[in-house]
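Structure record follows, encoded as structure tokens.
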Amino acid sequence: MTGHAPTPVPLPELTTRRCPFAPPREYEELRDRGDVGLLTFPGGSTAYLLTRDADVRAALTDERLSSSINAAPPREGGGEVPGWFFGLDGPDHAAVRSVVVPHFTARAARTLTPRVAEMVDDTLDDLVAGPGHADLVAEYCVPLARRMMRLTLGTSEADDRALTEAIERMESPELDQDAWRAAVFDAWRAAHAVAASDDLDPAGVVARLRADSRLTHDELSSVLVSLQIGGDVPVVQFLAMALRLLLESPDARDGLLAGPHDVAVHELLRYVPSNNLGVVRRVTAPLVLGGTHLPEGAVVFSSPPVANRDREQYADAESLDLARTPHRHLSFGHGAHRCLGQHLAVVLAERALVGFVHRFPEARISVAADDLASVDSATTHGLSTLPVGLGPARTQPTAPVSRPRRGGPEVS
């Protein structure tokens, strides 16, 4: 099996960007040349990087690229974490997902819309009651993500906090291999305890999955870890970066308020990168992607943020067009592992972004752009803080959300 040699590219933290809302310049150039990248990590391990829309879609639907790389580490003394959802593929993954996905349909998300609107209004009221300035990451994006998870999953504040703290320890970059292994099991045990809690809301997803009984308690605990991870940092960073863009661009604020709001949110999802390398898989049988031979055992990253600006997929791909339709962005992934919470994320983003811009029409970032504290790693591109002067607040609550265009935006 032959193919073109991959092109060496730097790790995300060593790249440059045309602007804060652009993917790494080196990855954009890779995509535009139609090449496959080669990343080299500290210690000498390597991975391939896919950045073209067609290549990313192909990778995320090819059974020779396996999620087994995301399997939990072996327990001390041997044995696997039972039911670890991250590392499942094929029939095993489909069996678990088929039980969970009915709780995350577009219809299920719509039924939560009034409660999400109330939650956003309450969080905005907290900002109104404050000193007139706020860190929107700590005081808006994080609280909304946490409240959304509790609303959806039906967990108590105490259980949510315990699980979130355990997952934060697991995701710490400071851990060595032994400490990370211990943290993974601590997170799984925390999820085990939450799934067995007497404090669950019977209407929440966890209680309903527990009552369903088609998942084992181990499987339910693993699903809970994955939902908690997906609904935390990615949501916080998307909201933070989208708010930064809206605060810096009066035209974008006007475009968002003009609606349709769901169309605008999908364009923001396409345009605003909140991670770098994207989805990781391991090659289980040799194949060619992007004209490059990928050998068995190789690690492959597929980067949705870079593919979302592919000129072969989008006309005027570098421009933000909040009325753009249809949408086929890859921000929620693609294929069998597409994000379970995608519909909930759009409902929250609509309410959170429209609500903030409507309530605080004169809000402005209170430090220079170069002084904003950014977060850049393999998994995350975003902000650690977003200090804002709020200005006068409108007294009325969230602006009414506009009706979507006929059929809504197309996502696949």
Side-chain angles (χ1 to χ4, degrees), residues 19-23 27-28 31 51 53 56-57 60 104 106 109-110 113 116 120 141 144-145 148 230-249 252-253 255-279 302-311 313-335 337-357 379-383 401-402 404-405 407-412:
C19 78
F21 309 107
Y27 301 168
E28 290 190 301
R31 177 202 61 212
T51 56
D53 178 271
V56 170
R57 289 181 189 276
L60 296 182
F104 291 91
R110 284 194 296 272
T113 297
V116 174
V120 169
C141 302
L144 282 178
M148 189 70 178
D232 189 6
V233 174
V235 172
V236 169
Q237 291 304 338
F238 169 69
L239 290 177
M241 290 296 288
L243 284 165
R244 176 182 179 178
L245 185 152
L246 293 166
L247 287 165
E248 292 181 347
S249 171
R253 291 198 297 274
L256 173 67
L257 291 175
H261 298 142
D262 64 329
V263 172
V265 164
H266 276 288
E267 173 68 351
L268 287 167
L269 283 161
R270 181 194 75 86
Y271 188 82
V272 175
S274 56
N275 66 61
N276 285 312
L277 295 185
V279 183
S302 300
S303 180
V306 188
N308 280 343
R309 302 285 191 95
D310 192 333
R311 295 183 183 92
Q313 176 67 31
Y314 292 100
D316 201 13
E318 298 303 325
S319 297
L320 178 71
D321 176 4
L322 294 178
R324 187 192 299 268
T325 57
H327 261 309
R328 299 180 68 244
H329 64 76
L330 292 159
S331 297
F332 293 125
H334 183 61
H337 293 267
R338 187 175 172 85
C339 175
L340 281 166
Q342 58 182 305
H343 302 298
L344 290 167
V346 172
V347 167
L348 175 60
E350 281 187 63
R351 289 291 175 172
L353 299 177
V354 173
F356 182 86
V357 170
T379 57
T380 303
H381 173 64
L383 297 167
V401 170
S402 62
R405 292 181 177 178
E410 177 190 339
V411 291
S412 62

**Min side-chain heavy-atom separation Leu268-Leu320 under 4.5 Å** = yes

**Message:** Ignoring hydrogens, what is the shortest heavy-atom contact between Arg324 and Ser319? Give both atom names and the distance.
**Reply:** NH2-O, 3.0 Å

**Asked** CD/Gln313 to CG/Asp53 distance, rounded to the nearest 0.5 angstrom?
**Response** 4.0 Å

**Gap separating the CZ atom of Phe238 from the CG atom of Leu353, nearest 0.5 angstrom** = 6.0 Å

**Message:** Could you tell me if Arg309 sits above the aromatic ring of Tyr271, with its cationic atom closer than 6.0 Å to the ring centre and no more than 45 degrees from the axis?
**Reply:** yes

**Request:** Looking only at non-hydrogen atoms, find the nearest pair between His261 and Leu256 and report the distance.
**Result:** CD2-O, 2.8 Å

**Asked** Donor-acceptor pair, Arg270 side chain versus Asn308 backbone, under 3.5 Å?
**Response** yes

**Asked** Do Val265 and Leu269 have side chains that get closer than 4.5 Å, going by heavy atoms?
**Response** yes

**Message:** Test side chain to side chain contact (heavy atoms under 4.5 Å, CB included) on Thr113 and Arg351; report intermediate values, then the result.
**Reply:** CA-CA 9 Å; Thr113 297; Arg351 289 291 175 172; 3.7 Å; yes

**Asked** Looking only at heavy atoms, what is the nearest atom pair of Leu245 and Ala252, with distance?
**Response** CD2-CB, 3.6 Å

**Asked** Can you name the closest pair of heavy atoms from Pro273 and His381 and give their distance?
**Response** O-CD2, 3.3 Å

**Message:** So Val347 and Arg110, do their side chains get closer than 4.5 Å, heavy atoms only?
**Reply:** no

**Asked** Heavy-atom distance under 4.5 Å between the side chains of Val354 and Leu257, does that happen here?
**Response** yes

**Request:** Would you indicate whether the side-chain heavy atoms of Val263 and Leu322 approach each other to under 4.5 Å?
**Result:** no

**Asked** Should His343 and Phe104 count as side-chain neighbours, where that means a heavy-atom distance under 4.5 Å?
**Response** no

**Message:** If I take atom NE2 from residue His337 and atom CG from residue Leu60, how far apart are they, to the nearest 0.5 angstrom?
**Reply:** 9.0 Å

**Message:** With rounding to the nearest 0.5 angstrom, report the CG to CD distance, Asp232 to Gln237.
**Reply:** 9.5 Å

**Asked** Within a strict 4.5 Å, meaning less than it, do heavy atoms of the Pro305 and Asn275 side chains meet?
**Response** yes

**Prompt:** Nearest heavy-atom pair of Ala145 and Val235: which atoms, and what distance?
**Reply:** CB-CG1, 4.1 Å

**Asked** Can any side-chain N or O of Ser303 pair as donor or acceptor with the backbone N or O of Gly278 at less than 3.5 Å?
**Response** no

**Prompt:** Of the non-hydrogen atoms in Asp310 and Arg31, which two are nearest, and what is the gap between them?
**Reply:** CA-CD, 3.9 Å

**Request:** Using a 4.5 Å cut-off on heavy atoms from C-beta on, say whether the side chain of Leu239 contacts that of Phe356.
**Result:** no

**Asked** Rounded to the nearest 0.5 Å, how far does CG of Leu330 lie from CZ of Arg57?
**Response** 4.0 Å

**Request:** Working to the nearest 0.5 Å, report the span between OH of Tyr314 and NE2 of His329.
**Result:** 6.5 Å

